[in-house]
Amino acid sequence: MDIDIGTYNADPEQYKKLVQELYAQHPPITLPPEYASFIEKDMLRFLIRLARYKFVARLIKKSDCLLEIGSGSGLGCIFLSQHCTEATGVELKCTEIEEARSINRRSNCKFIQGDLFELNLPEKFDVVIALDVIEHLTVEQGNRLIAAMASRCKPHGMIVIGSPSIYSYPYQSPLSQASHVHCYEQEELMTLIDQYYHRTIAFTMNDELVHTGYSKMAWYYFAIGFSPKLTE
């Protein structure tokens with residue numbers, strides 16, 4: 001492939017060699033429509049979405065095996081697989097599983113199509129996460145979700161829940177409002193997770209900034225549960 005390397009390079013021959021290797025080893029990836037729309041219309045939302053996964057990446061260890069519930073088109077799970085031993089994404093929607101598999105280039109990341117409540121996953125995980133999932137469920141289903149995540153955690157494992165604040169609902173996009181069943185107040189979310197974990201920690205988020213500020217002024221919540229009670 002003839003690649004234009006421009007003019008301003010300290011070592012043109014070496015630079016061209018490296019660029020050619022880059023193109024040969026990493027063929028172009030077509031982003032799924034959701035992310036393509038972010039790039040076309042709202043790049044800030046794209047960066048905020050990745051910032052949520054960056055926060056989770058700072059919480060996990062290289063030795064961890066991670067399960068993501070509701071992995072969607074896979075970009076976040078692929079991101080996290082760069083920071084742990086193995087990442088597995090579970091997604092109900094066939095279309096998004098196909099998108100995830102089409103962009104995945106990492107051998108330590110895999111995707112499973114199915115409903116968490118019906119899947120038989122024999123292994124336990126160090127970390128189980130669900131970002132932007134629980135708000136798509138009824139309160140009863142949300143309770144089942146947290147219980148199911150606890151059952152898939154190792155004894156000293158943790159879960160990370162990420163969900164938009166109930167106070168952000170009037171400002172959410174039409175797509176979000178059409179799919180969100182129950183958005184939580186922070187204390188409500190913490191009370192739910194406390195039922196299944198020995199310790200729960202709350203964070204709030206505005207744009208890409210994660211903090212411990214006043215929850216009613218936050219757009220997004222993180223709740224982290226440590227050591228599931230079900231393993232006793």
Side-chain angles (χ1 to χ4, degrees), residues 34-35 37-38 41-60 66-77 79-80 89-93 96 116 127-150 153 158-226 228:
E34 179 185 23
Y35 293 106
S37 72
F38 288 165
K41 300 176 182 177
D42 195 348
M43 198 70 162
L44 180 60
R45 284 189 66 194
F46 190 16
L47 298 177
I48 291 170
R49 176 73 63 84
L50 293 179
R52 295 173 187 171
Y53 283 95
K54 180 183 176 182
F55 175 68
V56 177
R58 297 301 190 209
L59 302 176
I60 63 179
L66 178 143
L67 175 67
E68 181 179 15
I69 308 303
S71 53
S73 49
L75 200 61
C77 196
F79 182 169
L80 293 176
V90 170
E91 173 56 52
L92 178 64
K93 298 185 282 293
E96 293 191 353
L116 173 67
V127 183
V128 182
I129 78 165
L131 304 189
D132 301 290
V133 173
I134 196 169
E135 68 274 11
H136 295 272
L137 308 175
T138 65
V139 172
E140 180 183 359
Q141 290 169 333
N143 198 305
R144 287 182 65 201
L145 171 68
I146 303 303
M149 293 174 73
C153 265
M158 73 174 182
I159 67 164
V160 183
I161 296 290
S163 180
S165 155
I166 182 61
Y167 304 105
S168 72
Y169 185 81
Y171 309 100
Q172 292 173 11
S173 70
L175 186 65
S176 293
Q177 290 188 350
S179 61
H180 291 176
V181 176
H182 180 78
C183 292
Y184 286 77
E185 202 278 338
Q186 187 181 65
E187 188 61 34
E188 178 189 14
L189 187 60
M190 298 295 288
T191 299
L192 171 58
I193 296 173
D194 275 339
Q195 296 178 49
Y196 297 97
Y197 291 84
H198 285 287
R199 183 177 296 275
T200 310
I201 298 176
F203 292 92
T204 52
M205 186 177 191
N206 292 89
D207 288 347
E208 69 277 17
L209 178 64
V210 180
H211 53 93
T212 56
Y214 185 51
S215 63
K216 292 184 178 181
M217 295 183 68
W219 291 101
Y220 197 82
Y221 298 140
F222 282 108
I224 306 171
F226 297 93

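Predicted model, so just to flag it, every value in this text is computed and none were measured. FYI, the numbering just counts along the sequence from 1.
Across all non-hydrogen atoms, the minimal contact from Ile69 to Val133 is O-CG2, 3.3 Å. Nearest approach of Glu91 to Ser71, heavy atoms of both residues: OE1-N, 3.5 Å. Taking every heavy atom of both residues into account, Pro164 and Cys183 meet most closely at O-CB, 4.0 Å. What you find for Leu80 and Ile60 is that their closest heavy atoms are O-CD1, 4.0 Å.
We find the OH-CD distance between Tyr167 and Gln186 to be 9.5 Å, quoted to the nearest 0.5 Å. Between the CG atom of Leu75 and the CD atom of Glu96 there is a distance of 12.0 Å, given to the nearest 0.5 Å. Arg49 CZ to Leu131 CG: the interatomic distance, rounded to the nearest 0.5 Å, is 9.0 Å. Once rounded to the nearest 0.5 Å, the distance linking OG of Ser179 with CD of Gln172 reads 8.0 Å. Note that CD1 of Ile166 is 7.0 Å distant from NE2 of His182, once rounded to the nearest 0.5 Å. Here Met158 contributes atom CE and Arg199 contributes atom CZ; the two are 14.0 Å apart, rounded to the nearest 0.5 Å.
Formation of a donor-acceptor pair under 3.5 Å by the Gln177 side chain with backbone atoms of Tyr169 is found in this model. Between the side chain of Thr204 and the backbone N or O of His211, at least one donor-acceptor pair lies under 3.5 Å. Not a single donor-acceptor pair under 3.5 Å links the side chain of Glu68 to the backbone N or O of Ile129.
In this structure, Ile48 and Trp219 have side chains that are not in contact, with every pair of non-hydrogen atoms separated by 4.5 Å or more. For the pair Phe203/Ile224, a side-chain contact is recorded, criterion being any heavy-atom separation below 4.5 Å from C-beta on.
Taking the six-membered ring for Trp and thresholds of 30 and 60 degrees, His180 and His136 have ring planes more than 60 degrees apart, a perpendicular arrangement. Ring orientation note: the planes of Phe38 and Phe46 are tilted relative to one another, at an angle of 30° to 60°.
A cation-pi arrangement, defined by a distance under 6.0 Å to the six-membered ring centre and an angle within 45 degrees of its axis, is present between Arg52 and Tyr220.
Checking each of Ile159, Leu67, Ile193 against Met149 for a side-chain contact (heavy atoms from CB on, under 4.5 Å) leaves exactly one that passes, namely Ile159.
No side-chain donor from either of Ser165 and Ser168 sits under 3.5 Å from a side-chain acceptor of the other.
A centroid separation of less than 6.0 Å is found between the aromatic rings of Phe55 and Phe222.
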